[in-house]
Amino acid sequence: MAPSSREDPLARISELECRLEEAEDTLRAIRGGEVDAIVASGPGGDRVYTLKGADEAYRIMVQGMAEGALTLTPRGLILFSNQQFALMTGHPLEQVVGAELHDFIAPEDLETVAALLTGTGGRKAEATLATAHGRSVPVYLSVEEMVLEEEACLCLIVTDLSEQKRSQKIATAELLARSILDQAAEPILVTDAQGNIRRASRAAEHLAGTLLLHKCFDEVFGITLVSGALCFFKDILETVSSNRPVRNLEASVLLPDGRRMEVLLSAATLSHQGAGAPGCVLTLIDITERKQREVIQKNAERTARESQATLQSFYDSSSFLMGVAELDGDGITVVYGNKAATEFFRCETGSRTELQRDTALAVPPTANSVWREYYRRSLITGVAVRFEYEHSDGRGSRWLSVAVNYLEDGSDKKRRFSFVGEDVTEKRNAVDLLRHTNDELRRANGDLEQFAYSASHDLQEPLRQIAMFSQLLERDYSRQLDGAGLQYLSYCVQGARRIQKMLNDLLDYSKSGTVEAGLAELVDTNEVLRAVRENLATAITESGATLKVGPLPQIHFPPVALALVFQNLVSNALKYAGETAPEVTVSAAREEKAWRFSVRDNGLGIKDEFHKEIFGLFKRLHTQARYPGTGMGLAICQKIVERHGGRIWVESNLGEGSVFLFTLPVARSAAQSVA
């Protein structure tokens, strides 16, 4: 019995081992879906769920779904999973079945899924799967209740949202990119590898003035570098493709409408997803106004430098004493001065950047007080103050004319002033000499006028006696004289009359120089010519002359002197008419600050060499027998015109008549029109 007893336990053990091996193979088959049953581990051990006929149809259906399909216990134990869910998680199917659902859920979504299974969070939710590869998969979970083996279970459908999320991201990125392009203030362009424009900001299209999509970059924008070389898209793409982005390249762009603008061009490569050569993204920043401002600023700086250099040159080379000084206690310190100032005051200064404050203005104490007094006046009034004083030092005495002006307080709070001085000693001497000369000339003119007046009056009486007694001799003793005697007596009478006429003209000439500006008045030149016409009425009638007078202005002038000028000129025109009837025309024309009068005739004319000579005293071009006169008329006209700020001249050719012209200032009252 003993041996038999020992064999029974061994056989029993062997049988149990076989049965255990078969059970494990069955469980593996069930877990792998090789048999129509489901094994779930629970607190009481593994529990086997078999699939009946309806359940088999359900299994076949869910295996073909594109979504993941799970059968769960209410607490999340996976009783069944299709292959699609296993693929989502990246785990083998046998590791999924019998596992807990939360093993495949991202930690941040565990509460959401727990609420979904219990029904407290609804029956639908989004969550994220944690895969075996460490990748997150966004999914959409939908749960429904079901009964399996007469026990309540849950059916969970898991939809992969990866592609949907990716599409949403792409759409969002596209919307963001479009928004950026639309809102960008600067032109932005995106091109492919051939330079065709694939995207363009509104600013780019506004700049080009046309739609840009699918157009070639080089056809729309002609780029010229600062060096003058042309730049094409291929040059830009070659640069950026070698990891050398273009940053703020200054260039000139020719736009389709012919406008040219200055830009900063930036470009970077833009790699496409998938196959194909990279494209390029470009920005064009308009710097035309900035460049214009730079040009203006450079011109202004150059002008300022040139002006400063000019002023500095003027400052250094000027004969004026110029500089800046400060009130320093009871003295005056020269901060800096030009060469003329330092030499005159015998003081030295430092450079303009290193101010020297220990050099006093070398002036005597009396002059020092004068300077200080006017410095203080400028400080109080805030304006420049001018003064003159006699500067006396060891070198002698000089007169200075100085202007001082308060500038600002120095860094040490001392009062600072500019000064400009001029040595006016020579000017003062010249003024004194001129004043003395004028006094002498005034006395000489007075003596000359007195002599002319006396001579004309004192000689009148002897000449009248000569003329009177010559006429008595001719009347009473003509029978006692032969022909020669009578001729000599006639010469005496004519000579006395000519001398009388010359003396009268000389008196008129001297009087013409005494007509002062104070005697001038606003006179109508037309009225003056009417009076002249009446004075010369006999001569005009006898010569058969025609006198034409155009519209003439009102001027500020002594009327007697003006009448004397016109009477002499018209009288000469009548006298030197030649064989034809005289035609005289008087007119006037306005110049900038004067009236130009003209007296035109058709007379004999004057050679060029005599145009100036005829205005001299007693200058005549013809004999006394043919054209009597003293030669004083034009001299009187010249003296009157020039004394009142005008000039007189003649334009003439021999045998072609003459035009005497003279200018007189415009009326000093309100502007006068031609009458």
Side-chain angles (χ1 to χ4, degrees), residues 135 162-163 165-299 301-302:
R135 187 169 59 89
S162 298
E163 290 300 325
K165 293 291 185 181
R166 186 179 298 110
S167 299
Q168 289 178 350
K169 288 182 179 180
I170 292 173
T172 302
E174 175 67 21
L175 182 61
L176 178 61
R178 185 71 261 172
S179 177
I180 292 173
L181 288 177
D182 289 343
Q183 299 301 321
E186 304 298 342
I188 301 176
L189 301 163
V190 179
T191 68
D192 59 18
Q194 288 71 42
N196 298 314
I197 299 173
R198 296 307 182 189
R199 290 187 179 181
S201 66
R202 289 182 180 177
E205 293 186 341
H206 178 73
L207 174 67
T210 182
L211 296 177
L212 297 175
L213 291 182
H214 308 301
K215 292 185 178 179
C216 182
F217 180 85
D218 289 337
E219 293 177 0
V220 181
F221 301 103
I223 297 180
T224 305
L225 301 179
V226 176
S227 62
L230 296 177
C231 180
F232 299 99
F233 175 79
K234 63 180 181 61
D235 303 320
I236 299 174
L237 187 61
E238 288 177 1
T239 301
V240 300
S241 296
S242 58
N243 294 323
R244 291 182 298 157
V246 178
R247 293 285 184 266
N248 297 329
L249 176 66
E250 289 194 12
S252 176
V253 174
L254 181 63
L255 301 175
D257 60 2
R259 289 182 297 125
R260 184 170 290 278
M261 61 181 289
E262 304 298 321
V263 299
L264 286 179
L265 186 149
S266 297
T269 186
L270 184 66
S271 300
H272 298 294
Q273 291 185 350
C280 188
V281 58
L282 304 99
T283 60
L284 303 174
I285 300 177
D286 186 358
I287 59 171
T288 304
E289 292 186 3
R290 193 192 79 183
K291 297 294 288 185
Q292 291 174 347
R293 288 195 299 270
E294 288 178 356
V295 171
I296 294 173
Q297 183 177 356
K298 288 180 180 179
N299 291 337
E301 290 175 353
R302 183 176 65 253

| Closest approach of Leu237 and Gly279, non-hydrogen atoms and distance? | CD1-O, 3.8 Å
| field | Closest non-hydrogen atom pair, Arg247 against Ala267 | value | NH1-O, 3.7 Å
| note | Correct closest heavy-atom pair for Ala203 and Pro187 would be CB-N, 3.8 Å
| query | Asp192 and Phe233: which non-hydrogen atoms are nearest, and at how many Å? | reply | O-CZ, 3.3 Å
| note | In this structure, CG of Leu255 is separated from CZ of Arg260 (nearest 0.5 Å) by 8.5 Å
| message | Quick one, Leu265 and Ile236 - any side-chain contact, counting heavy atoms below 4.5 Å? | response | yes
| task | Working to the nearest 0.5 Å, report the span between CD1 of Ile197 and CG of Leu211. | result | 11.0 Å
| request: Using salt bridge (Lys or Arg N to Asp or Glu O under 4.0 Å) as the criterion, list what pairs up with Glu238, not counting sequence neighbours. | output: none
| Residue Glu301 excluded, over 12 heavy atoms near CD under 6.0 Å | yes
| request: To the nearest 0.5 Å, tell me how far Asp286 CG sits from Lys291 NZ. | output: 12.0 Å
| said: Holding to ring-ring contact (aromatic ring centres under 6.0 Å, His included), I want the full list of residues that pass it with Phe217, two or more places apart in sequence or in another chain. | reply: Phe221
| So how far is it from Arg290 CZ to Ile285 CD1, rounded to the nearest 0.5 Å? | 9.0 Å
| field | Contact check, side chains of Leu213 and Arg198, non-hydrogen atoms, under 4.5 Å | value | no
| query | Mind checking whether Val246 and Ser266 have side chains closer than 4.5 Å, heavy atoms only? | reply | no
| Hey, what do you get for SG (Cys231) to CG (Leu225), rounding to the nearest 0.5 Å? | 5.0 Å
| remark: dist Arg293:CZ -> Thr288:OG1 (nearest 0.5 Å) comes out at 10.5 Å
| query | So do the side chains of Met261 and Leu284 get within less than 4.5 Å of each other, counting heavy atoms only? | reply | no
| Within the side chain of Asn248, is there an N or O that forms a donor-acceptor pair under 3.5 Å with the backbone of Leu264? | no
